[in-house]
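Encoded as structure tokens, the structure appears first; notes follow it.
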Amino acid sequence: MSLPTPTLHTARLRLRPFDDADADDLFALHSNAYVLRYWDAPPWTDRVRAERFITACRQMAEEGTGARLAVDRVSGGAFIGWCSLSRWNPDHRSASLGYCFDDAAWGHGYATEAARAVLRWAFDTLDLNRVQAETDTRNVASARVLEKLGFVREGTLREDCVVNGEVSDSWVYGLIRREWQPSSEPVAGR
């Protein structure tokens, strides 16, 4: 079952399907060791990884397992990161939220705004009941984003991955449809 990849809009952001022209920006984002310091995979060293990522985004949508959306600022159109809904399970009406933003975009509320648009799509269009997210326990900024969105910390996955050669714990967060509090900000799809 294919999952149509939407284009979503907020006051400051446009979330859209990736295209081949995004490879350079995507490589710059994922080759930044500072941005990926809590990531469970090392920074990219080869641009071909960006091309494979874009191909995987298309495949994810075709297989109906999720959608990864490039995030651009409306003002100027600059690529600032991505937001995704993955592991979509229509039988259980659940999925996982993920995101990655350039460090120059941090602290401006972009991750919260983009994730809120994806969550609105998840609950209103896909009729999900639950969205889950995980973050490294040291990544307090990401934990704050999830908590601002209404996610509840449900537990800790002890030593569940290795980050930069160091064993790391992750927090598991969940957001249930009945607890979802969308903002009044309009999010239109095109």
Side-chain angles (χ1 to χ4, degrees), residues 3 5 15 17-18 22-71 79-89 92 94-107 109-119 122 128 130-175:
L3 181 64
T5 306
L15 290 79
F18 275 97
D22 294 314
D24 288 337
D25 289 331
L26 191 57
F27 178 69
L29 176 66
H30 278 269
S31 62
N32 183 330
Y34 182 65
V35 168
L36 298 184
R37 70 189 183 280
Y38 302 123
W39 213 255
D40 58 357
W44 295 348
T45 57
D46 187 354
R47 186 182 176 282
V48 75
R49 293 288 304 272
E51 295 164 10
R52 282 189 286 203
F53 183 95
I54 292 168
T55 299
C57 292
R58 290 183 183 121
Q59 187 174 9
M60 180 188 296
E62 287 168 13
E63 293 173 352
T65 58
R68 272 195 208 114
L69 302 171
V71 179
F79 172 87
I80 60 170
W82 58 264
C83 194
S84 71
L85 201 62
S86 61
R87 296 189 291 230
W88 180 51
N89 185 324
H92 297 289
S94 65
S96 293
L97 177 74
Y99 46 82
C100 184
F101 285 84
D102 183 79
D103 56 329
W106 295 352
Y110 294 131
T112 304
E113 190 173 326
R116 184 172 282 121
V118 169
L119 289 168
L128 295 187
R130 174 186 169 79
V131 177
Q132 182 170 310
E134 295 175 15
T135 188
D136 188 295
T137 57
R138 299 167 296 176
N139 194 347
V140 294
S142 185
R144 263 195 317 271
V145 166
L146 294 171
E147 290 165 2
K148 279 192 269 184
L149 292 165
F151 280 82
V152 174
R153 188 182 314 163
E154 298 177 335
T156 303
L157 299 174
R158 298 179 313 135
E159 298 184 9
D160 73 317
C161 59
V162 177
V163 176
N164 294 320
E166 192 176 319
V167 175
S168 175
D169 297 341
S170 294
W171 284 321
V172 177
Y173 283 85
L175 179 59

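Reckoned from all heavy atoms, side chains included, excluding hydrogens, waters and symmetry mates.
Nearest heavy atom pair, residue S31 against residue P43, reads O-CB, 3.8 Å. Residues A133 and L146 share a closest heavy-atom pair of CB-CD2, 3.7 Å. Closest non-hydrogen pair, I80 versus A105, comes out as CB-CB, 4.0 Å. Shown here for A50 and A23, the closest heavy-atom pair between the two residues is CB-O, 3.3 Å. For the residue pair A95 and L128, the shortest heavy atom distance occurs at CB-CD1, 3.7 Å.
Counting only heavy atoms from C-beta outward, the side chains of Q132 and E134 approach each other to under 4.5 Å. With contacts defined as side-chain heavy-atom distances shorter than 4.5 Å, the pair T156/V172 does not qualify. Between L29 and F101, every side-chain heavy-atom pair lies at or beyond the 4.5 Å cut-off. Side-chain contact check for L36 versus P42: every heavy-atom pair is 4.5 Å or farther apart. Residues V162 and D40 are not in side-chain contact: their nearest non-hydrogen atoms beyond the backbone lie 4.5 Å or more apart.
A search for side-chain contact (heavy atoms from CB on, under 4.5 Å) contacts involving D103 returns N32, Y34, V35, W106, not counting sequence neighbours. For the side-chain contact (heavy atoms from CB on, under 4.5 Å) test, residues two or more places apart in sequence or in another chain that qualify with C83 are L15, V71, L97, Y99, A114, A115, V118. Considering only residues two or more places apart in sequence or on other chains, Y110 meets the side-chain hydrogen bond (donor to acceptor under 3.5 Å, both in side chains) condition with none of them. Taking the salt bridge (Lys or Arg N to Asp or Glu O under 4.0 Å) definition, one finds that D22 meets it with R16, sequence neighbours left out. Partners of S96 under the side-chain hydrogen bond (donor to acceptor under 3.5 Å, both in side chains) rule, at least two apart in sequence or in another chain, are R87. By the side-chain contact (heavy atoms from CB on, under 4.5 Å) test, V140 pairs with R144, sequence neighbours left out. A search for side-chain hydrogen bond (donor to acceptor under 3.5 Å, both in side chains) contacts involving T135 returns S142, not counting sequence neighbours. In this view, D25 and F79 satisfy the side-chain contact (heavy atoms from CB on, under 4.5 Å) rule, not counting sequence neighbours.
Applying the side chain to side chain donor-acceptor pair (under 3.5 Å) rule to pairs touching residues 47-60 yields D20-R58, D24-R47, R47-E51, Q59-E63, sequence neighbours excluded. Sorted by first and then second residue, the salt bridge (Lys or Arg N to Asp or Glu O under 4.0 Å) pairs with a member in residues 159-170 read R138-E166; sequence neighbours excluded. Note on residues 138-175: no pairs pass ring pair (Phe, Tyr, Trp, His ring centres under 6.0 Å), not counting sequence neighbours.
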Report task. Starting from the C-alpha separation in whole Å, work towards a yes-or-no answer on side-chain hydrogen bond (donor to acceptor under 3.5 Å, both in side chains) for D136 and S168. Result -> CA-CA 7 Å; D136 188 295; S168 175; 2.4 Å; yes
Query - Test side-chain contact (heavy atoms from CB on, under 4.5 Å) applied to R153 and E147, step by step - result: CA-CA 8 Å; R153 188 182 314 163; E147 290 165 2; 3.6 Å; yes
Query - C100 and W39: CA distance, side-chain angles, deciding distance, side-chain contact (heavy atoms from CB on, under 4.5 Å) verdict - result: CA-CA 9 Å; C100 184; W39 213 255; 3.7 Å; yes
Query raised in the report: So L149 and L119, side-chain contact (heavy atoms from CB on, under 4.5 Å) or not? Walk me through it.
Result: CA-CA 9 Å; L149 292 165; L119 289 168; 4.1 Å; yes
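Aromatic rings of F53 and F27 (six-membered ring for Trp) have centroids beyond the 6.0 Å cut-off, not under it.
Atom NE2 of H30 sits about 4.5 Å away from atom CH2 of W44, to the nearest 0.5 Å. Rounding to the nearest 0.5 Å places OG of S84 at 9.0 Å from CZ of F18. How far CZ of R68 is from SG of C57: 4.5 Å, rounded to the nearest 0.5 Å.
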